[in-house]
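Report on one structure; see the data block that follows.
So that the names make sense, note that chain A is the first sequence line, chain B the second, and so on, each numbered from 1. Worth knowing before you read on, the calculation uses all heavy atoms, side chains too, and leaves out hydrogens, waters and symmetry mates.
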Protein chains: 2
Amino acid sequence: MTSLQPARAPRAPRRGPANRLPPERRIAEIIAAARALLAERGYENCVISDIAERAGVVEGTIYRYFENKRDLFIKVAESWFEELLGQQEDVAHVAGTQERLRRTIRRALSIIRHEPALTRFVLMELRPDPDYKNLRLYRLNRAFVSGVMQVLKEAHAKGEIDGALSLPLLRDMIFGAIEHQTWAFLREEGDFSVDETTDGITAVVFRGMQPVSVGAAGADDMAARMERMEAAIARIEAR
Amino acid sequence: MTSLQPARAPRAPRRGPANRLPPERRIAEIIAAARALLAERGYENCVISDIAERAGVVEGTIYRYFENKRDLFIKVAESWFEELLGQQEDVAHVAGTQERLRRTIRRALSIIRHEPALTRFVLMELRPDPDYKNLRLYRLNRAFVSGVMQVLKEAHAKGEIDGALSLPLLRDMIFGAIEHQTWAFLREEGDFSVDETTDGITAVVFRGMQPVSVGAAGADDMAARMERMEAAIARIEAR
DNA sequence: CTTTGTAATGAACTGGCCTCATTAGACCGC
DNA sequence: GCGGTCTAATGAGGCCAGTTCATTACAAAG
């Protein structure tokens with residue numbers, strides 16, 4: 001309760017040579033070092049002093065440019081993800097809803113497959129955070145997700161999606177499936193095939209969103225009735 | 001490298017009265033305290049000393065019964081989840097695949113809705129862990145998930161699921177959708193309706209798993225069969 | 001060459017997890 | 001009741017990672 005100064009003793013730090021750099025470059029170097037370390041150890045196991053060492057700098061310097069460890073890694077994730085988005089192929093020219101869906105799904109799986117460390121950090125550390133929505137990363141991610149939403153919207157406009165379905169729900173099923181299919185991989189329990197997983201998810205989603213000319217609940221009932229009718233007709237004709 | 005003893009100075013701790021309890025009860029009290037704190041603060045913000053205080057015990061005592069903080073909370077999650085599983089309604093008597101699906105999905109959403117702290121901890125802290133699969137919790141969770149798998153398997157046996165679909169993929173889509181639909185809630189950004197979400201997910205999954213002859217890509221198949229039937233009827237009528 | 005702004009330093013601080021030498025409550029046989 | 005023994009409980013302190021800040025020194029401008 002007494003906030004009387006702990007009277008930080010005056011210090012006279014001995015010095016090594018200070019390698020002075022323009023802020024922009026120093027920031028870039030720190031981010032690069034942190035990113036490399038994140039890739040090989042994961043967030044929890046990244047120690048500031050190691051990042052500092054790898055960046056050829058001292059711990060305190062990092063705090064000159066970043067509020068704290070978390071802030072640093074948010075910046076890391078943002079620049080990393082931004083880089084990946086840049087490589088994104090444009091899907092606008094591709095014809096056919098199913099093929100367009102496939103490509104965007106494939107893209108997501110491919111990122112996960114090639115950048116598990118980044119994925120883990122974003123999915124586990126950042127997304128659950130109360131102010132995740134305020135991060136630039138959230139907006140970057142939305143930009144990515146909007147690719148899928150675009151495809152869905154256009155399909156919807158063309159009447160290829162059953163009117164009763166909610167587009168966000170379809171979107172969640174797609175990304176939910178992507179995540180669940182890759183958890184084992186992210187836990188380093190084994191590999192997965194981008195192509196096979198892509199095909200599986202695409203198939204179920206595409207099938208699931210089709211408009212049904214009859215009421216959904218009655219679909220199997222309808223099938224049964226149809227079968228009975230066909231059988232009856234066959235009998236009649238056989239007479 | 002020199003592991004020469006830091007020569008821990010001999011101490012003579014002053015004592016408060018020690019409330020001696022049979023291990024089982026002490027463990028139960030610590031777990032209860034930790035669970036209450038987990039519910040109100042989340043894992044990261046739970047400090048051992050606070051748990052100790054709430055359990056009416058000193059920090060060191062906790063380490064008598066639990067290896068470390070993580071171990072303690074794993075036990076918390078396990079007992080908590082076990083308790084929830086006990087309340088699970090049996091779905092075996094319910095007729096109809098769709099309704100059975102709906103109930104198991106509803107159950108999962110209901111747990112998330114009522115125990116967000118537990119959910120967050122399990123999904124974020126435990127599931128990503130490399131040895132998640134060795135935890136008792138993993139098996140408990142499998143028991144829960146197997147409810148859905150059971151429904152899917154029986155539906156599959158009855159020919160209600162397209163042969164080309166993978167059951168695990170369907171399962172992942174279900175739970176993936178559940179999770180994605182609830183992330184905002186888990187970040188405390190707002191509530192969600194258990195019933196509406198249940199219906200949405202159930203509808204898409206049910207529709208998505210239909211064999212082609214009735215649903216989905218079968219719409220035109222359906223039309224073709226209809227045409228054949230109409231033609232047959234015309235023939236019959238013409239007789 | 002001096003001034004001045006600021007990049008960089010590194011010792012010290014903080015707080016949370018965890019250890020362990022020590023104490024003392026409770027049960028037991030006499 | 002009474003010492004002996006087992007073990008629950010204690011709490012000071014170790015440890016380590018994140019963070020702060022008074023100080024230093026580099027480099028560009030005057």
Closer than 4.0 Å, any side-chain N/O of A:Thr61 to the OP1 or OP2 of C:dT9?
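The answer is yes; a side-chain N or O of A:Thr61 sits under 4.0 Å from OP1 or OP2.
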Is B:Arg20 near enough to C:dA24 that one of its side-chain N or O atoms lies under 4.0 angstrom from OP1 or OP2?
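For B:Arg20, the contact criterion (side-chain N or O under 4.0 Å from OP1 or OP2 of C:dA24) is not met.
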Counting only non-hydrogen atoms, which of residues 39-59 of chain B are less than 4.0 Å from DNA chain D?
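Hits under 4.0 Å, by residue number: B:Val57, B:Val58.
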Residues [X], [Y]: salt bridge by 4.0 Å N-O rule:
| X | Y | result |
| --- | --- | --- |
| A:Arg187 | B:Asp131 | no |
| A:Glu154 | A:Arg100 | yes |
| B:Arg102 | B:Asp199 | yes |

Counting only non-hydrogen atoms, which of residues 62-75 of chain B are less than 4.0 Å from DNA chain C?
B:Tyr63, B:Asn68, B:Lys69
Taking for each residue the nucleotide of DNA chain D with the nearest heavy atom, is it A:Asn19 or B:Pro23 whose nucleotide lies nearer the 5' end?
B:Pro23
Contact list for residues 77-91 of chain B, test salt bridge (Lys or Arg N to Asp or Glu O under 4.0 Å), sequence neighbours left out:
B:Arg35-B:Glu83, B:Glu78-B:Arg136, B:Glu82-B:Arg136, B:Glu89-B:Arg103
Determine which pairs satisfy salt bridge (Lys or Arg N to Asp or Glu O under 4.0 Å) with at least one residue from residues 44-57 of chain B, sequence neighbours left out, and list them in order.
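Pairs touching residues 44-57 of chain B that pass the test: B:Glu40-B:Arg54, B:Arg41-B:Asp50.
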If I take atom CZ from residue A:Arg25 and atom CD1 from residue A:Ile30, how far apart are they, to the nearest 0.5 angstrom?
12.5 Å
Please work out which of the three classes, parallel, tilted or perpendicular, describes the rings of B:Phe121 and B:Tyr43, given edges at 30° and 60°.
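The rings of B:Tyr43 and B:Phe121 sit tilted, inter-plane angle from 30° to 60°.
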Send over the distance from A:Ile27 CD1 to C:dA7 C1', rounded to a whole Å.
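Taking atom C1' of C:dA7 as the reference, CD1 of A:Ile27 is at 12 Å.
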Please report, to 0.1 Å, the donor-acceptor pairs under 3.5 Å made by any side chain of residues 173-183 of chain A, with sequence neighbours excluded.
{"from": "A:Glu179", "atom 1": "OE1", "to": "A:Arg127", "atom 2": "NH1", "distance (Å)": "3.4"}
{"from": "A:Glu179", "atom 1": "OE1", "to": "A:Arg127", "atom 2": "NH2", "distance (Å)": "3.1"}
{"from": "A:Glu179", "atom 1": "OE2", "to": "A:Arg127", "atom 2": "NH1", "distance (Å)": "2.7"}
{"from": "A:Glu179", "atom 1": "OE2", "to": "B:His180", "atom 2": "NE2", "distance (Å)": "2.6"}
{"from": "A:His180", "atom 1": "NE2", "to": "B:Glu179", "atom 2": "OE2", "distance (Å)": "2.6"}
{"from": "A:Gln181", "atom 1": "NE2", "to": "B:Asp172", "atom 2": "OD2", "distance (Å)": "2.7"}
{"from": "A:Thr182", "atom 1": "OG1", "to": "A:Ile178", "atom 2": "O", "distance (Å)": "2.9"}
{"from": "A:Thr182", "atom 1": "OG1", "to": "A:Glu179", "atom 2": "O", "distance (Å)": "3.0"}

Quick one, A:Tyr65 with A:Lys75, criterion side chain to side chain contact (heavy atoms under 4.5 Å, CB included). Give me CA distance, side-chain angles, the key distance, then yes/no.
CA-CA 11 Å; A:Tyr65 299 107; A:Lys75 302 275 170 58; over 6 Å; no
Could you tell me, to 10°, how much the axis swings from one end of the helix from C:dC1-D:dG30 to C:dC30-D:dG1 to the other, five pairs per end?
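The two end axes of the helix from C:dC1-D:dG30 to C:dC30-D:dG1 meet at 10°.
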Using the side chain to side chain contact (heavy atoms under 4.5 Å, CB included) rule, take B:Leu135 and B:Asn141 through it: C-alpha gap first, then chi angles, then the decisive distance, then the call.
CA-CA 10 Å; B:Leu135 301 181; B:Asn141 191 54; over 6 Å; no
